[in-house]
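In what follows, chains carry the letters A, B, and so on, assigned in the order in which the sequence lines appear, proteins first and then strands, with residues in each chain numbered from 1.
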Amino acid sequence: MIQKTVKSAEEAVADISDGAKLMMGGFGLCGIPENCIQALLKKEVQALTIISNNAGVDNFGIGLFLKKRMVKKMISSYVGENAEFERQLLSGEIEVDLVPQGTLAERIRAGGAGIPAFYTPAGVGTEVAFGKETRTFDGKQFLLETGLTADFALIKAWKGDTAGNLIFKGTAMNFNPIMATAGKITIAEVEELVPAGGLNPNEIHTPGIFVQRIFQGKGYEKRIENRTVSF
Amino acid sequence: MIQKTVKSAEEAVADISDGAKLMMGGFGLCGIPENCIQALLKKEVQALTIISNNAGVDNFGIGLFLKKRMVKKMISSYVGENAEFERQLLSGEIEVDLVPQGTLAERIRAGGAGIPAFYTPAGVGTEVAFGKETRTFDGKQFLLETGLTADFALIKAWKGDTAGNLIFKGTAMNFNPIMATAGKITIAEVEELVPAGGLNPNEIHTPGIFVQRIFQGKGYEKRIENRTVSF
Amino acid sequence: MLTKEQIAKRISKEIKHGQYINLGIGIPTLVANYIPSKIEVVLQSENGLLGIGPFPKEMDVDPDLINAGKQTISIIPGSSIFDSAQSFAMIRGGHVDLTILGAMEVSEFGDIANWKIPGKMVKGMGGAMDLVSSAKNIIVAMQHCSKDGQSKLLPTCTLPITGIRCVKKIVTDLAVLEINPSGGFVLLERAPGVTIEEIKLKTAGNLIVPNQVLEINLD
Amino acid sequence: MLTKEQIAKRISKEIKHGQYINLGIGIPTLVANYIPSKIEVVLQSENGLLGIGPFPKEMDVDPDLINAGKQTISIIPGSSIFDSAQSFAMIRGGHVDLTILGAMEVSEFGDIANWKIPGKMVKGMGGAMDLVSSAKNIIVAMQHCSKDGQSKLLPTCTLPITGIRCVKKIVTDLAVLEINPSGGFVLLERAPGVTIEEIKLKTAGNLIVPNQVLEINLD
């Protein structure tokens with residue numbers, strides 16, 4: 001089996017440089033690549049384009065990039081919960097491309113799957129349709145949307161093996177498996193790294209072919225945005 | 001949980017009638033819905049349109065439908081291994097629409113996912129491109145292909161639960177999970193049926209939302225087309 | 001006038017056995033509390049889950065299990081996990097039977113606006129545009145008027161819209177209304193203690209009042 | 001002249017450490033037998049498997065584990081299973097590094113025909129059109145001439161084509177050839193005992209013969 005292991009987050013992100021286009025897995029703070037985020041914060045790379053469903057919160061996740069002004073452009077579906085982001089946006093310090101969540105997911109999947117473009121109903125008749133081709137199929141209108149890829153995809157899985165195979169847990173899966181397919185270089189951090197052969201082939205969510213580097217992360221905080229309990 | 005269980009293959013296919021458009025899972029004879037095939041053979045429905053990667057062999061799988069002249073049209077990527085099929089085709093008794101395998105898979109996924117059409121490079125410059133829109137993205141040519149759906153999708157899984165969740169095993173997975181998403185009515189037969197809650201939510205390949213009927217099959221033959229062994 | 005909880009309770013009566021349902025953030029989330037136990041439905045969360053359960057006990061909180069509102073949740077037996085592309089494949093493909101969501105404005109043709117206030121709010125549309133462009137049945141849960149007293153039921157939306165001609169029904173603190181396919185809000189039910197006159201006054205769009213308008217039944 | 005096994009062995013020398021490879025039916029399948037053990041590669045089967053192992057022992061045959069040629073197979077540690085859409089997402093998305101497949105004809109521009117003989121054979125293209133339209137590197141394994149002695153290396157394909165301008169290299173029983181980007185078969189190596197004259201005679205397309213043409217080394 002082809003081995004994908006690297007020693008650390010620092011080694012994994014060593015060649016990510018200013019101006020890079022990154023995909024980052026996670027929904028809110030759930031399933032985000034915490035170790036890679038820390039390593040990039042240390043590097044203080046600049047002018048990043050980040051494709052991520054959300055922009056973190058003020059003091060965690062991608063929010064930390066925003067605080068350090070590392071981000072030139074965000075491509076996201078929802079960027080609330082982040083006052084500093086809203087400030088940078090309203091002041092014009094940051095560009096943002098808001099994309100319907102399902103369109104974002106499908107564009108990422110398409111990018112990874114060699115589909116240059118597809119039609120979707122989401123956004124017909126709205127601002128999202130500006131400048132896009134509209135086409136009717138079976139009497140219903142659809143927009144043409146294009147596939148998305150990135151220089152690097154930074155993703156977080158529950159378990160992984162040295163061949164790059166990944167298994168996710170719960171809703172920490174979210175955008176991670178599709179982003180894994182769409183990075184020219186995909187870097188996976190996992191809570192538990194096992195030798196190739198240590199995972200059941202039928203249970204693998206992301207086949208190793210999509211992963212170029214893998215390492216076992218450490219010190220996961222897994223912050224909760226809205227702790228809601230019943231009594 | 002919504003319960004999807006039916007008692008038998010006969011009950012599951014009771015409302016499939018002449019002229020129906022069916023998707024049938026499997027690659028060669030691997031992962032085919034053997035019980036539903038038997039039940040349909042008994043019903044002797046006519047003039048079926050069948051979307052299936054292959055057409056079975058002369059005396060098993062969809063090949064048995066062909067013997068009984070139950071099929072009006074096949075939509076497939078590969079129909080070798082079947083002399084009766086070749087005879088019906090050359091004599092004009094059956095229509096066949098040959099589709100590149102990846103295009104077939106993607107068209108089925110698109111149909112289930114509400115994507116009316118997408119662009120793919122497969123078939124550019126070949127017979128497959130006749131009558132189709134060709135479009136250039138980033139200097140490369142692509143064909144416009146449309147989503148596929150069916151009146152019924154007949155699929156075979158390894159394990160399932162009463163809520164319709166499915167887990168596949170080995171390469172018997174193949175077209176089954178995507179066809180599950182593209183049938184107006186999806187009928188799943190499984191080797192082992194457990195109560196809802198009996199499967200790990202993280203290991204489920206096909207969420208129950210895609211399955212309308214499920215039953216535990218019996219007497220699986222699992223014929224092998226090319227038994228190849230090493231010594 | 002209905003409380004938020006009562007709006008949620010009234011909407012719960014629209015739910016049918018066997019449905020797959022996506023509940024938006026806010027009042028729609030409360031609907032789950034009022035679904036009768038004999039009616040079996042499955043709640044979808046667009047971040048990748050079918051089978052949302054109640055909020056967890058403190059000791060069972062799992063940061064890897066949240067809903068689309070980023071709240072910690074539990075899962076029910078028979079639930080399943082999937083990625084974001086698969087989740088919206090379900091939504092776009094018409095596999096989700098019912099979508100209940102909030103709105104800032106609804107037009108008398110069923111257009112909905114709920115994602116942006118130019119110059120003020122830039123949170124984004126999340127999954128709302130996908131949901132409203134694809135769902136077979138869309139019910140809006142909202143207050144009849146904004147905080148400053150403006151009607152949210154309009155001839156046409158003034159805010160950037162989320163989707164066109166998609167809303168089927170609206171449940172507000174004052175009334176239950178249906179969108180007439182050729183335009184207009186059909187008044188189906190009024191809240192206890194609310195007159196038709198008041199609803200007329202607070203509906204900026206064309207209000208169609210049938211001969212009989214029942215009082216909303218919350219039992 | 002090379003045997004089928006020798007064609008496979010020669011092609012195995014084109015394989016690099018760390019590659020993901022799709023092997024077609026026939027001679028390409030044999031290539032797996034000649035990959036040196038120190039070179040780690042992963043074989044993809046388009047019916048939904050990464051990590052094809054050797055054919056199984058009789059007692060280990062599993063009907064639920066086959067390759068794209070419907071042969072029973074084993075899997076190696078680190079393998080993974082996926083559906084047909086995911087499989088061709090890998091292929092179309094350029095994640096598979098090398099495709100080795102058979103052909104009925106190859107043109108001097110790298111067009112390939114291998115799926116149909118009008119009026120005679122209607123088996124279908126299977127995954128070949130997807131593979132040739134997407135793979136970064138395509139090597140064809142075939143006999144230099146058909147059974148009735150016709151050259152299979154042509155100025156243009158006479159049979160319905162599978163893909164245009166996609167083949168990079170061809171290994172036949174007589175020679176190793178490369179497609180010249182502006183047209184023509186560049187003769188890289190000749191089989192032991194085969195003269196350049198014979199290859200010229202049996203190549204209907206434009207054959208480009210460099211100053212030096214090595215003999216194929218099978219060690």
* Just do the side chain to side chain contact (heavy atoms under 4.5 Å, CB included) check on A/Ile209 and D/Val96 with the steps written out, would you? => CA-CA 8 Å; A/Ile209 192 172; D/Val96 175; 4.0 Å; yes
* Asked: Counting N and O atoms only, with roles assigned by atom type, does the side chain of A/Asp161 sit under 3.5 Å from a partner on the main chain of D/Gly78, one being a donor and the other an acceptor?
  -> no
* Per-residue contact mode, D/Ser134 against chain A (heavy atom under 4.5 angstrom) -> neither
* Measure the spacing between OG1 of A/Thr181 and CE of D/Met90 and express it to the nearest 0.5 Å. => 9.5 Å
* Asked: If we only count heavy atoms from C-beta on, is the A/Phe210 to D/Gln86 side-chain gap below 4.5 Å?
  -> yes
* Would you find a donor on one side and an acceptor on the other, under 3.5 Å apart, between the side chain of D/His17 and the backbone of A/Ile2? -> no
* Asked: In Å, rounded to the nearest 0.5 Å, how long is the span from CD1 of D/Ile81 to CG of A/Asn200?
  -> 9.0 Å
* If you take all heavy atoms of A/Gly112 and D/His95, which pair is closest and at what distance? -> O-NE2, 2.8 Å
* Spatial distance of atom CD1 (A/Ile204) from atom OG (D/Ser79) [nearest 0.5 Å] -> 6.5 Å
* Structure fact -> Bottom line for D/Gln19: the part with an atom under 4.5 Å from chain A's heavy atoms is backbone
* Quick one: CD on A/Gln3 to CD on D/Glu40, what's the gap to the nearest 0.5 Å? -> 6.0 Å
* Asked: Tell me, side chain or backbone of D/Ile75 under 4.5 Å from chain A's heavy atoms, or both, or neither?
  -> side chain
